Amino acid sequence: MSATTTAAAPVDTSPATRRHPGALAPLRWEIRKLRAQYRAKAVLIGALVLPVIVVVVIQGQSRPPKDTLFGRFATDNGFALSLLVLGFAAQWVLPLLTAVVAGDIFASEDQHGTWKTVLTRSTSRAQLFWAKTLTACGFAVIVLAVLATSTIVSSVLIVGHQPLTGLSGQTIPAAEALRLVAASWATMLPAMLGFTCLAILLSVWSRNPAVGIAAPVVIGMVMQLVGALGGVEAIRPFLLTTPFEAWHGLFADPRFTGPLTEGLITSAAWCAVCLGAAFVMLRRRDITGG
Amino acid sequence: MNDLLAVEATGVTKTFGSVLAVDDITIRVAAGEVYGVLGPNGAGKTTFLRMLFGLIRPDSGTIEVLGKSWGADGVGVLDGVGGFIESPRFYPYLTGRQNLEGLALLDGGVRPGLLEELLELVEMTDRADQKVGGYSYGMRQRLGVAASLLREPRLLVLDEPANGLDPAGIRDMRALVKRLANSGLTVLLSSHDMDEVEEICDNVTIMKRGTVAFHGTIAKLRTMAPDPGHLLATTDDTRALALAEQHPALRVTRDPEAALVVTGPTPDVSAYVAALVRNNIDLLTLTQTQTPLEALFFMLTDDTTHQTLDRPAELAELAEAAR
Amino acid sequence: MRRTILVILAALVAVIALGSAVVATSGDTSTVTRPRLERSLTTNFANQYADQARIQGRRITPASLHAKAMCDKAGAENNDVGPGGDWNCLMSWTDPEVPMPPEGYGKFELNVHSNDCYTVGSPSKLTGFLTMTDAEGREVTNPVFEFDGCFDPNGDNTPTGVVFPSLLAVASTTITPDAHGNAGVQLTCGSGAKGCAGTIAVTAGDTKLGTMPFHLAEESTQTLQLPAPVPDGAAEVTFTVQMSTGVGPPKPVTLPVQGS
Ligand SMILES: Nc1ncnc2c1ncn2[C@@H]1O[C@H](COP(=O)(O)OP(=O)(O)OP(=O)(O)O)[C@@H](O)[C@H]1O
Ligand SMILES: [Mg+2]
């Protein structure tokens, strides 16, 4: 930088009234960064392509995977197959998909040492926190939508759209089954957002993207295991994995939605606790790295 | 304008666990001046500047920047403040230009054309569309300057800006800071290099282990500078050392590297050298070890000196003793 | 890294402590209960059975089956609560073309999960095997052979009141008298209400050996001594069961005498 190149020193010495960033500016910045990341694109492409492969593979099996709900119809009913994939996704795929972004979004600032870069601008920690949280949640919504659409469309196209036998033995006509399958996928959202918030907390706390991404998946699997144990059912309502099974009620006759409501409350509580803790941690933190 | 202090830090203290990083520091930077915070590694310069930017919360004390404080104005404190702490960091997966555009977004937008102007200023125009991940250290440093100026600051805070740059880079950086200062910008600069501070700054605070060791103008500092030291290698160091006893104004000691260190007023050094030659001791090398200010800096921040010297009288005494 | 491990350990301890506290204070709070299972199973089965009939080309409505079930977990002495693979359900229904066995019900084995879903294995004697032949003669999957279901964890939990009598059976396959001609016979009483009680008239050839009263709890086994020694040379012993509680073998049971 030679001092002779530019004559005009870009300095404003008058007490200029500083422009302030709008509330959406940090959000736009986060989205822009996310779009530039290879990882986020890879996850979206995976969510689009992997279900198709899984559907083709399962359809080619001679024996249906009976030990999972709807598994016994999976090889000859597209709706059952998409529900089988749903049950499988809920085990660790959904936490993983959201954690890839949410578990990284705070910790990557530590990884790149960029907290000091963004926090010396005109954006507060609170604004950045909400921008990152919204970005991570938005990504969760998008990836779930992509995964659900890809699964439902590919299984219905490849396997077919026969009437489905429900969980009370009743026969569900194809059109109704399609609506219910789509609704079931949609009911994954609250718990998935719960996992997003958990990943955010771990991301803020650990300052390490690997922990932020892997830990929610591991915690999810532990919760799944604990939830499947007999004798400790009293803690089932508090587990973040329980809402992943709330869709069962949609396929019963009469339909029951109690677990969906409870799941919504559980997920909201997890989100509130995790985000609250993460926010306090980030606000109080001394940025000494970078 | 001048009655408003650009920075007014009062009684600022910060500890990390058991480490007292900054201990009851008071620093006042007037608008329009170039202010140096000088200190050896670990003196607490970075910690102080981080507190100024709100990256670290002080344990006690207050910091006002351009009349605003974190307590009352939140992030508004940073209006009109630009700069970077240690080496500037950017998102490696974005290009230099994308990084600047993003930061501009967080600033609430920039004057049209400024971004290009700045890239030109720091000579990064042709590399601006490459990913920062592939930048050299010096390029990141220059991008850091551009990112700081993008805020069109009234106060520029730079933490050892020349650190890690090559000689040409250091020269350019100093020239730029001087030019920015001439245009009326207030600059707060940290450094561990006395030369740099002497060259650029009007006022200086020398820090030592979190405390203020000296506080005043460069001019004042100059008057307190001790005599320069010389590194002397001769054909017969032992005899040369013995000969030194006839020159009471000099202090001659043996350096670990078998050379002699000669400290004292320049005329006495000349006389001593002449005496050596007269005694058939040939000079192999004679080099100045430190500039006077450097010598003072080492004296002030030497860990064996446990006094805090912010009063000229005390300092003069010390300088006298060193003679 | 050490900090991370410590915090994770602390979190695990906290979770386990919290979990055990919740479990300790709440006791048996499983949503898997007998009434819910009985209600869900009958509906589910009726639908599946009607489906099976449709495949066979018959027209049966689920309601016409009047399915009734009585479920039991892991024997009479255990509470009928909680998930597990040890649930048994006795179920009766009316299909004119497939009469119930004498005891009036079939036995279904259930594997119930903590998520309120279950898998049912049906008695193949009554409902057929894995595959069946449809109306057009093709091999198709039998929907009743094995099926899944889920019930509402907040659903009606008042007892259904359905009970089936216990089924008494003679478990011994031979009579083995000792040196004095004394012999015993083993009886079992299956699951059902109130257990099994009644009398058994014992004859060896033409000789009446007398009658034995019996009283067995539900799901228990008991060995009764014959009222009189078995005469030398008798080839077989016949038991004629008269039930006062429960269901017994409708015809007299004849067992060969093992030579002494
Ligand atoms: N995050 C931290 N945790 C513990 N101690 C710290 C931390 N940051 C700084 N310190 C300590 O505080 C003191 C001051 O450090 P600081 O980085 O402010 O020094 P500095 O003057 O900037 O030094 P340098 O010239 O090396 O940049 C040092 O003793 C350092 O070890
Ligand atoms: Mg430093």
Side-chain angles (χ1 to χ4, degrees), chain A residues 1-40 108-128 131 283-290, chain B residues 1 16 32 47 50 53-57 66 74-76 78-86 88-94 98-99 101-103 105-110 114 117-118 120-124 142 145 147-149 151-154 169 172-173 175-176 178-180 182-185:
Chain A
M1 104 206 67
S2 82
T4 47
T5 42
T6 317
V11 173
D12 183 7
T13 47
S14 67
T17 48
R18 216 203 134 73
R19 283 174 290 255
H20 282 108
L24 290 182
L27 185 63
R28 279 174 55 205
W29 172 224
E30 287 302 326
I31 293 170
R32 202 183 283 186
K33 278 195 297 174
L34 189 63
R35 287 173 54 176
Q37 276 179 41
Y38 163 75
R39 201 189 325 218
S108 73
E109 302 282 355
D110 289 287
Q111 192 189 21
H112 300 311
T114 41
W115 277 121
K116 65 179 187 189
T117 310
V118 286
L119 289 178
T120 50
R121 315 308 290 196
S122 296
T123 308
S124 67
R125 295 190 188 196
Q127 279 175 304
L128 274 176
R283 277 291 291 266
R284 297 171 55 97
R285 193 184 145 183
D286 281 346
I287 310 289
T288 55
Chain B
M1 233 353 253
F16 293 108
T47 306
R50 279 184 192 271
F53 272 120
L55 295 172
I56 292 182
R57 218 176 274 257
L66 299 170
V75 76
L78 297 182
D79 288 0
V81 185
F84 55 79
I85 299 289
E86 295 184 322
R89 297 298 198 92
F90 296 95
Y91 299 94
Y93 50 86
L94 297 177
Q98 286 171 332
N99 267 288
E101 283 167 357
L103 294 177
L105 204 56
L106 296 184
D107 287 340
V110 287
L114 178 61
E117 255 173 62
L118 287 172
E120 194 66 40
L121 176 76
V122 298
E123 292 174 353
M124 286 293 293
R142 288 186 286 170
V145 172
S148 307
L149 296 178
R151 287 172 65 71
E152 300 186 82
R154 286 186 286 145
D172 289 348
M173 179 69 79
L176 177 73
K178 272 197 238 170
R179 206 158 52 81
L180 292 171
N182 288 338
S183 70
L185 190 67

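Note that these values count all heavy atoms, side chains included, but never hydrogens, waters or copies made by symmetry. Below, chain A is the first sequence line, B the second, and so on; all start at residue 1. Keep in mind it's a predicted model, so treat the numbers as computed, not measured.
In this structure, chain A has no heavy atom under 4.5 Å from any part of B/Phe84. Contact annotation for B/Leu94: only side-chain heavy atoms (C-beta onward) come within less than 4.5 Å of a heavy atom of chain A. The contact between B/Arg50 and chain A is made entirely by side chain atoms (from C-beta outward), counting heavy-atom distances below 4.5 Å. If you measure heavy-atom distances from A/Arg125 to chain B, the contacts under 4.5 Å come from the side chain alone. Looking at B/Gln98, the atoms closer than 4.5 Å to chain A (heavy atoms on both sides) all sit in the backbone: N, CA, C or O.
Each of B/Phe90, B/Tyr93, B/Phe16 has some count of heavy-atom pairs under 4.5 Å with chain A, and the biggest count is that of B/Tyr93. The greatest number of non-hydrogen atom pairs below 4.5 Å with chain A, out of B/Lys178, B/Met124, B/Arg89, B/Glu101, is found for B/Arg89. In terms of heavy-atom pairs under 4.5 Å with chain B, the best-connected choice from A/Leu128, A/Thr117, A/Thr120, A/Leu119 is A/Thr120. Listed options B/Val81, B/Leu106, B/Asn182, B/Ile85 were ranked by heavy-atom pairs under 4.5 angstrom with chain A; first place goes to B/Leu106.
Considering CD1 of A/Ile287 and CG of A/Asp110, their distance stands at 7.0 Å, rounded to 0.5 Å. Here CH2 of A/Trp29 is found 10.5 Å from OG1 of A/Thr123. Values are rounded to the nearest 0.5 Å. Atom CG of residue A/Leu34 and atom CZ of residue A/Arg39 lie 10.0 Å apart, to the nearest 0.5 angstrom. Once rounded to the nearest 0.5 Å, the distance linking CG of B/Leu105 with OG of A/Ser122 reads 11.5 Å. One finds the CZ atom of B/Phe53 at 9.0 Å from the CZ atom of A/Arg121 (value rounded to the nearest 0.5 Å). Rounding to the nearest 0.5 Å gives a distance of 6.5 Å between CG of B/Leu149 and CG of B/Leu176.
Within 6.0 Å of CZ on A/Arg32 lie more than 12 heavy atoms contributed by other residues, nucleotides or ligands.
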